[in-house]
Number of protein chains: 2
Amino acid sequence: MTNGKVTARQKILAAAAEVSRDVGPAHLSLDAVAQRAGVSKGGLLYHFPNKAKLLEALVEYHLNLFDDALCEKDKELQGKPNSLLAAYLELFMVDLEQCQPPPSGILAAMAENPGLLAPVKRYNRTLLDRMKAGAQSESAALIIYLALEGIRSQRLFDVDVLTPDEQRKVLTSLGEIAAAKA
Amino acid sequence: MTNGKVTARQKILAAAAEVSRDVGPAHLSLDAVAQRAGVSKGGLLYHFPNKAKLLEALVEYHLNLFDDALCEKDKELQGKPNSLLAAYLELFMVDLEQCQPPPSGILAAMAENPGLLAPVKRYNRTLLDRMKAGAQSESAALIIYLALEGIRSQRLFDVDVLTPDEQRKVLTSLGEIAAAKA
DNA sequence: TTGACAATACCGTCCAGACGGTACAGTAAA
DNA sequence: TTTACTGTACCGTCTGGACGGTATTGTCAA
């Protein structure tokens, strides 16, 4: 799990996200995921005993991907005030340039059973709390959190409406709000 | 269409949204929708020749519900500067008190085929443009738009993380940003 | 005014295909 | 010998949607 080798498990999870993107979250089938991952269906079921468990793991997978990226950025900015908030903001700046695929597995999980998003809720709450803890102004932290959540959701749904230019402007404005002292 | 009578069509669309909430977006079946609407499956298929058309109409239905509510609030606040932006903000204040069900039909449409959200994208863009047109500061409009989008998406996914108190604070802060002059 | 026909708004049934999941025998590396 | 699979065969269920029928209402020529 902690070595550099790409495990079958990881391949399957990545494949599931791709299939969800390709055929629509509601049409994610175990057959298609196994095929995409280059694994037999029996092999898939060996790692994930049923679809619910696969989707559960898929949510965790995306959460970890995001958290890893955030923590890495946080370390880069260590020492600065509000490093987490700044890291979160920068994450979106980077994404703007080299746009990564959205965490489509989340959508598949939600489509199957909205209750599977409970870990997302927990993660988001702790993220918000950490942001609030580091910020001078509570409402600034709340606004930034929500605005970034807005960007994330638009990407997730692929209903991105802001131009890259607008997105840059918002991000810098939010940065100013973060830096401002009440 | 313009009379007060609740048509079978409308009953079916409302039923579809309810079913989506109840069984999960991916498990919205025509049978279940027909049953919930008090209509036979044949009757449903008469109004919507296939599932895709039903979901297409469902997206439009939710968009109209939202737009009607927004326009009504806008009229109430007519004359004031930034009336649209203020109306949008107030809509969330009202929703906070008497929480309405989320537009779950949108999720069903997205689960089936993300492309069905294209009208949402178009609507959002015009909404943003109207907000920008009425605002003194572009970045203020962008931030408010995104933050509200953040709230909407959290509700839609049922991963609402903010306490009612926090939500009130954000909404009033956003109101101040809207009112502030650069 | 009436009889013929057509459009509207459904109902109830049936079916092919897809999907989740099981079972099990085999295999190759560690 | 255990772990980690592959491959095949299969079952039961669900679902979209096609189809044929029906009741009601409207239209319009004779």
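Each chain gets a letter, A, B and so on, in the order the sequences are listed, and its residues count up from 1. Heavy-atom basis, side chains included; hydrogens, waters and symmetry copies ignored.
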Visitor: Please figure out whether Ser40(A) or Gly42(B) has its closest DNA chain D nucleotide nearer the 5' end.
Guide: Ser40(A)
Visitor: Atom CG of Asn113(B) to atom P of dG16(D): distance rounded to whole Å?
Guide: 15 Å
Visitor: State the CG-CD1 distance between Leu63(B) and Ile106(B), to the nearest 0.5 angstrom.
Guide: 6.0 Å
Visitor: Quick check: on DNA chain C, is the nucleotide nearest Pro49(A) upstream (toward 5') of the one nearest Leu45(B), or the reverse? Name the residue that is more 5'.
Guide: Leu45(B)
Visitor: Any N or O donor-acceptor pair under 3.5 Å from the base of dG16(D) to the side chain of Lys41(B)?
Guide: yes
Visitor: Just to be sure I understand the rule, does Ile12(B) reach a base, reach only the sugar-phosphate, or reach nothing, if contact means heavy atoms closer than 4.0 Å?
Guide: nothing
Visitor: Is the Lys NZ or Arg CZ of Arg130(A) less than 6.0 Å from the centre of Tyr88(A)'s six-membered ring, within 45° of the axis?
Guide: no
Visitor: Can any side-chain N or O of Gln154(B) pair as donor or acceptor with the backbone N or O of Val161(B) at less than 3.5 Å?
Guide: yes
Visitor: Take the protein atom NZ of Lys11(A) and the nucleotide atom C1' of dT6(D), then report the distance between them rounded to whole Å.
Guide: 13 Å
Visitor: Between dA9(C), dT3(D), dT15(D), which nucleotide has the shortest distance from any of its atoms to the side chain of Tyr46(B)?
Guide: dA9(C)
Visitor: Report the C-alpha distance between Lys75(A) and Glu72(A) in whole Å, list the side-chain angles of each, state the deciding distance to 0.1 Å, and finish with yes or no for salt bridge (charged side-chain N to carboxylate O under 4.0 Å, His left out).
Guide: CA-CA 5 Å; Lys75(A) 258 179 206 157; Glu72(A) 199 186 336; over 6 Å; no
Visitor: Return the nearest nucleotide to the side chain of His47(B); candidates are dC5(D), dC10(C), dG17(D).
Guide: dC10(C)
Visitor: Is Leu54(A) touching bases, backbone alone, or none of the nucleic acid, heavy atoms closer than 4.0 Å?
Guide: nothing
